[in-house]
**Student:** 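One structure, as structure tokens, below. Some questions next.
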Amino acid sequence: MRLQIAKPGEHVSLVEWPFDQPLDDWTIHGLHEVSGLHRHVVRLVESGDMTYVVKEIPDNLAEREWRLLRELADAGLPTADVIGVVTKRDDGMDGLLITRNIDYSLPYRVLLSGRGLHIPYLGERLLDALAGLLVRLHLVGFYWGDCSLSNTLFRRDAGALSAYIIDVETGERHPTLSDGQRRHDLTIAIENVGGDLADLEAGGLLAEGIDPVTTALAIETTYQRLWAELTGTDEFDVDETFRIAARLQRLHELGFDAAELELYTTADGSKLRLIPRVVEHGFHGQRLKTLTGLETGENQARRLLNDISRYRAVIERQTLRKVPETVAAARWLDERFEPTIDGVPPDLVGKLEPAELFHQVLEHLWFMSEQAGEDIGLGEAVTSYVRDVLTPLPSELRPTDSEWGDEGWAAEGWITEEIERQE
């Protein structure tokens, strides 16, 4: 048997797992089944403050996913952290791929049925997130080959969703992708998403107003629009250089930055041609991390940066002097962000990740202030939010069947029965 572990000092407990047994026979402490349909045996293992996902697949696929997931992580793509891989097990047993569970992530079936997600329901943002993920993968030359809602997890991101790729069995990494490769990958995505949505609809678990075919086809429009904005060429007169800043601003609004820009002068010298190169995602997230040390989603970072700017303006009005951004960010963290998180009872604070929790408190504050016709204050908003919104809701850290209710994973039950009936 061969066990490879990334960062072994952080995951030393793995060496005690029963790798000599089939995954289906494991009985170790903290072991849980994973809801949903899976091509392979998959288990969740809680160990200390870490939660792992273990998937049993043939050695060649395990090694391949181990390599590809690490490459995607190194490229800054949203994916599960790959922790280890086990191959060459006795008795011809398949290999094991071990990844870290993506905390606070939700499967598409939960989002699109709207169960329990009143903070808020984000089903309409799900396919935007999937199209955005596909664009980011294609920018680094990754061909997915099986893009679907089933192979993706989603996390809240301040009124939007961030998509994470979790299954790359069919993936291929190339220096760049041709237009034909991108089109083929997009076609697979549309077909798979249509099937995923049709399954939910047939089980009576698709939120009202979502048509599987129309919705799936809309992925192409979103994808093409984003791809054109990130990679398209701008041509303008030589005296319109302000358009360079305008293009960069549009990229930043999408959460991207261009590591390099190329400017070409046309043959007659009258126009400039602008081409963005090596487009990178995470513009706002990196800026927030530099200022505060917080790691968040891109939209969460944008929201928190806006709150820092507003708080900076308040400080400047009170002190009648300019305040450096770094000073304002430090005071915001000490006087606004951390007191808000500390105001949530310990048994509830883990229901949402801190940045999302702060964003939702700000939304609640705005709503209450609008109703009252005046600023009610952050402290009162936290108390109201905890009482009226957060307390009744299930945790999204690692949703369990008991937390989501008896019908919690009904979609999978119906699909399983349908498959067995057809067989």
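Count residues from 1 along the sequence.
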**Student:** Between Glu325 and Arg287, is there a side-chain N and carboxylate O pair less than 4.0 Å apart?
**Tutor:**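 Yes, charged N to carboxylate O under 4.0 Å.
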**Student:** Answer with yes or no after comparing the ring centroid distance for Tyr52 and Trp26 against a 6.0 Å cut-off, counting only values under it.
**Tutor:**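 No - the distance between ring centres of Tyr52 and Trp26 does not fall below the 6.0 Å cut-off.
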**Student:** Restricting to side chain to side chain contact (heavy atoms under 4.5 Å, CB included), what partner residues turn up for Glu280, sequence neighbours left out?
**Tutor:**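 For Glu280 the side chain to side chain contact (heavy atoms under 4.5 Å, CB included) partners, ignoring immediate neighbours, are Ala259, Val278.
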**Student:** List in chain and number order the residues that pass ring-ring contact (aromatic ring centres under 6.0 Å, His included) with Tyr143, two or more places apart in sequence or in another chain; answer none if no residue qualifies.
**Tutor:**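 Not a single residue meets the ring-ring contact (aromatic ring centres under 6.0 Å, His included) criterion with Tyr143.
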**Student:** Whether the side chain of Asp196 engages the backbone of Leu149 through a donor-acceptor N/O pair (distance < 3.5 Å, no angle test) should be reported.
**Tutor:**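 The answer is yes, because a donor-acceptor pair under 3.5 Å joins these two groups.
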**Student:** Which distance, rounded to the nearest 0.5 Å, do you find between the CZ of Phe19 and the OG1 of Thr87?
**Tutor:**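 Rounded to the nearest 0.5 Å, the CZ-OG1 separation comes to 11.0 Å.
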**Student:** Give a yes or no on whether Glu220 atom CD has more than 12 heavy-atom contacts from other residues, nucleotides or ligands under 6.0 Å away.
**Tutor:**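 No, not enclosed.
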**Student:** Can you tell me how far CG of Leu348 sits from CZ of Arg387, rounded to the nearest 0.5 angstrom?
**Tutor:**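 The distance works out to 13.0 Å.
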**Student:** Compute the ring centroids of His174 and Phe142, then answer whether they are less than 6.0 Å apart.
**Tutor:**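 Not under 6.0 Å, so no.
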**Student:** Does Gly285 offer a backbone N or O that forms a donor-acceptor pair with the side chain of Glu298 under 3.5 Å?
**Tutor:**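 Present.
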**Student:** Would you check if Leu305 and Leu291 make a side-chain contact, meaning some heavy-atom pair closer than 4.5 Å?
**Tutor:**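 In contact.
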**Student:** Less than 4.0 angstrom from a charged side-chain N to a carboxylate O is my criterion; do Arg250 and Glu253 meet it?
**Tutor:**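 No, no charged N to carboxylate O under 4.0 Å.
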**Student:** Tell me, yes or no, whether the heavy-atom count around Glu295 atom CD, taken from other residues, nucleotides or ligands under 6.0 Å, exceeds 12.
**Tutor:**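 No, CD of Glu295 has 12 or fewer neighbouring heavy atoms, counting only those of other groups under 6.0 Å.
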**Student:** Please determine whether the number of non-hydrogen atoms from other residues, nucleotides or ligands lying under 6.0 Å from atom CZ of Arg321 exceeds 12.
**Tutor:**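 Result for CZ/Arg321: open.
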**Student:** What distance separates Leu226 CG from Leu139 CG, expressed to the nearest 0.5 Å?
**Tutor:**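 Here the rounded value is 8.0 Å.
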**Student:** Are any of the side-chain nitrogens in Glu356 or Arg155 under 4.0 Å away from the carboxylate oxygens of its partner?
**Tutor:**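 No salt bridge links Glu356 with Arg155.
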**Student:** Between the side chains of Lys55 and Glu65, is the shortest nitrogen-to-carboxylate-oxygen separation below 4.0 Å, so that they form an ion pair?
**Tutor:**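 A salt bridge is present here (some side-chain N lies under 4.0 Å from a carboxylate O).
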**Student:** Going by an N to O cut-off under 4.0 Å, is there a salt bridge joining Arg243 and Glu235?
**Tutor:**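 Between Glu235 and Arg243 there is no salt bridge, as every charged N stays at least 4.0 Å from the carboxylate O atoms.
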**Student:** Could you tell me the separation between the OH atom of Tyr311 and the CG atom of Leu378, rounded to the nearest 0.5 Å?
**Tutor:**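 It is 9.5 Å, given to the nearest 0.5 Å.
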**Student:** Looking at His184, I want to see if its NE2 is surrounded by more than 12 non-hydrogen atoms of other residues, nucleotides or ligands under 6.0 Å.
**Tutor:**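 Not more than 12 within 6.0 Å, no.
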**Student:** One thing to verify: whether Arg125 and Asp157 come together as a salt bridge, which I'm taking to mean a side-chain N less than 4.0 angstrom from a carboxylate O.
**Tutor:**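 No.
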**Student:** In terms of side-chain geometry, is the basic nitrogen of Asp307 or Arg336 positioned less than 4.0 Å from the acidic oxygen of its partner?
**Tutor:**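 Here Asp307 pairs with Arg336 in a salt bridge, since their nearest N and O are under 4.0 Å apart.
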**Student:** Can you spot which of Leu77, Asn151, Leu137 makes a side chain to side chain contact (heavy atoms under 4.5 Å, CB included) with Ile165?
**Tutor:**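 Among Leu77, Asn151, Leu137, the one that satisfies the side chain to side chain contact (heavy atoms under 4.5 Å, CB included) with Ile165 is Leu137.
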